[in-house]
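To start, the structure under review is shown below, and the notes come after it.
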Amino acid sequence: MSRDDPDPTELATVTELAKRRGFYFQTAEAYGGVGGFFTYGPQGAALKRNVEDAWRDRFVTRAGHMEVSAPDVMPEPVFEASGHLDGFDDMIVECPDCDASHRADHLVEDDSEYEDAEALGLDRVADLLGDLDLTCPECGASLADEPVEEFNLMFETDIGPGSAQSGYLRPETAQGIFAEFPRLKQYAREQLPFGVAQIGAAYRNEIAPRRGLVRVRAFTQAELEHFVHPEKDDPPLDAVADVELPLYSATAQEGDGSVETKTVREAVDDGTIESPWIAYYLGVARDWYAAIGVDMDRFRYRQHLSGERAHYAADCWDAETEVDGDWIEVTGFAYRSDYDLANHAAHSEESFTVFEQYDEPKTVERASVDPDMATLGPEYGGAAGDIADALERLAERDPDAFDAETVAVDADGETYAVDAEVANFSVEAVTKAGEHVTPHVVEPSFGIGRLFYTVLAHSHREDEVDGEARTYLELPAELAPTFACVAPLVTDAPLVERAEAVREELRAAGFAVDYDDSGSIGRRYRRQDEVGTPVCVTIDHETVEQSDHDAATVTLRDRDTTAQARVPVPDLVEHLTALRAGTDFADLLDREGVHEV
RNA sequence: GUGCCGUUGGUCCAGUGGUAGGACAUUAGCUUCCCAAGCUAAUAGCCCGGGUUCAAUUCCCGGACGGCACACCA
């Protein structure tokens with residue numbers, strides 16, 4: 001399957017397999033189901049966990065970053081600061097004739113000079129619909145007197161009894177990192193750069209959940225917030241310089257261009273990717289996607305068009321995979337500058353900067369005042385405080401003003417002539433040890449559910465074995481929910497006993513092992529194939545008859561090729577460990593004690 | 001959220017104004033003994049609420065859920 005050959009039934013195939021084999025299914029089906037919510041079944045939960053572990057391994061452990069776990073519910077002020085409370089609001093107006101609903105703010109923007117109609121508020125936008133004589137784009141009916149309703153994509157909840165405090169289910173995990181930045185920077189000893197990751201649930205009350213796991217109301221995100229110095233930190237580009245990226249640039253999307261493959265280095269040098277940090281992560285992520293089983297023929301990086309880019313993001317790329325004939329966004333890579341930290345700093349009392357010490361302290365001359373409030377207070381009453389502040393600003397701006405007998409300052413709209421002596425003006429040498437820096441943020445934000453869905457779809461295979469149709473999941477061994485299935489060839493007591501012993505041994509060694517002694521061996525192999533179990537271990541008569549019990553051999557059967565090899569039982573753990581780490585089944589045959597069947 | 005279509009064992013489907021049938025799957029037994037074989041048997045279903053009717057899984061209305069299109073996707 002390639003992008004030239006989309007399969008419109010892929011969604012149906014994956015959904016059917018998912019339900020039947022316990023990967024995922026709709027939540028609360030017993031109660032009619034609920035839109036946009038899915039429950040991961042036994043195989044799915046294991047596969048999802050393995051995807052998360054693979055992500056953690058690559059983007060946290062190997063990168064030396066830290067991982068945190070914040071609550072799903074955060075208090076309202078967090079989302080006031082992040083902009084979600086306003087920005088996540090949609091202003092909806094319904095057409096009285098055809099019932100189509102539209103974004104009222106967009107209609108106003110299209111027909112007026114306003115660029116951000118949402119900021120005008122509900123009432124004003126409702127008035128504008130009438131003032132501008134706006135009509136329904138669908139049927140042309142007048143929208144003049146229609147009510148404009150607010151729809152917030154965040155789930156709201158009350159914290160504590162009564163209406164004490166409002167909280168929201170987080171619409172992205174990122175804010176749980178930004179809001180805790182003051183603590184996290186302490187932990188990182190204020191040393192840039194450092195990265196903080198989080199894997200967790202996020203919630204959006206989508207208007208129209210769609211297409212299985214693609215658009216849901218509760219989903220798992222894996223986000224990394226890499227805090228870097230705005231000028232001084234550069235990514236280790238050399239590590240990924242030669243990684244080839246399928247890039248679908250904004251220019252290509254606007255013209256008749258197509259996906260162009262460039263190395264990370266080329267894309268940075270020719271300016272296709274503006275931010276070296278983003279380029280770095282596109283490179284790291286590309287190899288990671290390939291490793292977890294994303295089909296690279298059905299993968300691309302798409303640059304955001306200028307219109308869809310958030311205003312704070314200098315450069316923004318999405319990783320997209322093709323499933324069921326459509327491209328879906330699985331990761332967003334954004335250079336968020338200091339947008340988030342600056343906003344939290346403005347809304348809270350905490351400091352969201354790190355203190356960067358100079359190599360050498362710098363001494364600068366600074367003019368300052370120390371107004372004599374005992375004089376100012378009685379003389380100017382309530383204005384005294386503002387006058388003192390004004391004097392201070394004036395000292396910084398225009399120190400010469402204090403040379404005169406009296407100083408003129410503006411406060412509260414009036415000009416006051418203050419005795420220069422009362423201001424206590426002085427110029428002193430101040431030693432600066434460093435400065436406060438608001439870090440910039442590089443954010444790769446992964447949608448685990450969509451990746452999970454992509455991996456399922458892209459690993460799905462159909463072939464024929466001995467004239468019989470077969471379906472299997474070609475999952476990377478590292479990701480397989482069940483790693484091995486142990487099976488007695490037939491249900492004779494000695495074979496069953498031996499098989500159970502092997503099963504226990506492998507489980508004790510840390511493998512996810514299934515056991516199956518039902519029906520014919522072929523049927524059992526097919527069952528495991530369907531959930532992507534990489535290897536089956538079969539105990540046969542030969543196993544129990546072999547005189548040297550410790551050297552008895554079993555059959556290993558490979559999922560992808562159905563090839564078989566005989567290996568001694570004592571070597572099983574070693575061989576399976578190698579397979580799980582990515583060794584090819586064919587390479588097992590070169591190992592001592594192993595032979596082909 | 002709007003429009004169209006749909007919802008029948010675990011899964012995929014057929015069908016009916018008098019409460020249902022297949023295929024696959026599952027379980028048990030026989031058989032077979034390294035790739036979904038065969039035979040026998042068993043388990044298991046009409047999305048929810050209201051209406052029309054002697055009788056509704058079937059017809060009508062509403063809801064939930066799903067698919068497609070449009071809208072939406074910070």
Side-chain angles (χ1 to χ4, degrees), chain A residues 8-9 11-13 15-22 25-37 41 79 82-95 97-103 105-107 118 136-139 149 151-154 171-172 174 204-212 214-217 308-313 318 324 326 328-329 332 334 463-472 487-492 495 518-530 536-542 554-559 561-564 566 597:
Chain A
T9 67
L11 174 62
T13 308
T15 306
E16 190 270 335
L17 177 69
K19 280 193 280 194
R20 198 160 42 78
R21 289 297 186 196
F25 40 80
Q26 229 191 333
T27 297
E29 282 182 311
Y31 295 94
V34 50
F37 291 91
F79 300 111
S82 71
H84 286 100
L85 214 49
D86 290 331
F88 244 50
D89 262 343
D90 281 347
M91 292 184 178
I92 306 263
V93 62
E94 262 191 40
C95 171
D97 284 359
C98 70
D99 289 338
S101 55
H102 306 280
R103 288 283 297 272
D105 50 329
H106 287 184
L107 293 177
E118 198 153 7
C136 172
E138 294 286 314
C139 68
E149 284 176 11
F151 182 77
N152 194 294
L153 256 43
M154 285 196 294
E172 60 174 17
R204 293 176 196 182
N205 202 1
E206 293 286 351
I207 297 171
R210 270 301 138 75
R211 296 172 58 211
V214 175
R215 191 130 149 242
V216 294
R217 293 187 165 125
E308 70 183 301
R309 197 161 64 203
H311 58 280
Y312 52 80
D318 286 344
D324 207 42
D326 280 322
I328 58 178
E329 175 195 345
D463 68 355
E464 217 171 74
V465 174
D466 294 344
E468 298 279 359
R470 178 177 86 117
T471 68
Y472 65 105
L489 188 59
V490 292
T491 51
D492 289 352
L495 271 65
S518 143
S520 78
I521 192 68
R523 177 181 295 268
R524 284 175 274 166
Y525 287 157
R526 299 302 168 85
R527 223 179 252 150
Q528 296 300 326
D529 287 342
E530 262 200 327
C536 289
V537 180
T538 308
I539 283 74
D540 57 20
H541 293 105
E542 207 180 320
V554 292
T555 305
L556 282 191
R557 181 262 190 188
D558 177 48
R559 174 196 65 200
T561 60
T562 77
Q564 299 187 350
R566 260 201 111 78
V597 174

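Below, read A as the first sequence line, B as the second, and so on, with proteins coming before strands; counting in each chain starts at 1.
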Rounded distance in Å between the [atom1] positions of [N] and [M]:
N: B:A14; M: B:C70; atom1: C1'; answer: 33 Å
N: B:C60; M: B:G6; atom1: P; answer: 10 Å
N: B:U7; M: B:C46; atom1: C1'; answer: 10 Å
N: B:U26; M: B:A44; atom1: C1'; answer: 10 Å
N: B:U58; M: B:G17; atom1: P; answer: 11 Å
N: B:C59; M: B:U16; atom1: C1'; answer: 13 Å
N: B:C33; M: B:A37; atom1: C1'; answer: 12 Å

May I ask you to say what [X] touches in the nucleic acid, namely base, sugar-phosphate or nothing, with a heavy-atom cut-off under 4.0 Å?
X: A:Arg210; result: base
X: A:Asp540; result: base
X: A:Glu172; result: base
X: A:Gly36; result: sugar-phosphate
X: A:Gly212; result: sugar-phosphate

>> Tell me whether A:Arg526 is salt-bridged to A:Glu468, with the criterion being a basic N under 4.0 Å from an acidic carboxylate O.
In response: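 Judged by the 4.0 Å cut-off on N to carboxylate O distance, A:Arg526 and A:Glu468 do not form a salt bridge.
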
> Any Lys/Arg nitrogen of A:Arg470 or A:Asp529 sitting under 4.0 Å from an Asp/Glu carboxylate oxygen of the other?
Replying inline: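 Counted as a salt bridge, because a side-chain N and a carboxylate O are separated by less than 4.0 Å.
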
Provide the Watson-Crick or G-U wobble partner of [N], both distances under 3.5 Å; none if there is no partner.
N: B:A41; result: B:U27
N: B:U52; result: none
N: B:A64; result: B:U7

>> Can you identify which nucleotide, out of B:C65, B:C35, B:C34, has its nearest atom closest to the A:Thr555 side chain?
In response: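 Nucleotide nearest to A:Thr555's side chain: B:C34.
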
> Which one, B:C34, B:A37, B:U11, comes nearest to the side chain of A:Tyr525?
Replying inline: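 Of B:C34, B:A37, B:U11, B:C34 is nearest to the side chain of A:Tyr525.
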
>> Has A:Arg557 got a side-chain atom pairing as donor or acceptor with A:Gln564's backbone, closer than 3.5 angstrom?
In response: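 No; judged by distance alone, with no hydrogens or angles, the pair does not exist.
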
>> With a 3.5 Å distance limit and no angle check, can you tell me whether A:Arg523 reaches the backbone of A:Ser518 through a side-chain donor-acceptor pair?
In response: no

Is [X] close enough to [N] that one of its side-chain N or O atoms is under 4.0 Å from OP1 or OP2 there?
X: A:Arg523; N: B:U26; value: yes
X: A:Arg557; N: B:C35; value: no
X: A:Ser518; N: B:U27; value: yes
X: A:Arg527; N: B:U26; value: yes
X: A:Thr538; N: B:C34; value: no

With no angle test and no hydrogens, is the base of [N] tied to the side chain of [X] by a donor-acceptor pair under 3.5 Å?
X: A:Tyr31; N: B:C48; answer: no
X: A:Gln564; N: B:C34; answer: yes
X: A:Asp466; N: B:C35; answer: no

>> Assuming nearest nucleotide by heavy-atom distance, tell me which of A:Ala563 and A:Glu29 is located more 5' along RNA chain B.
In response: A:Glu29

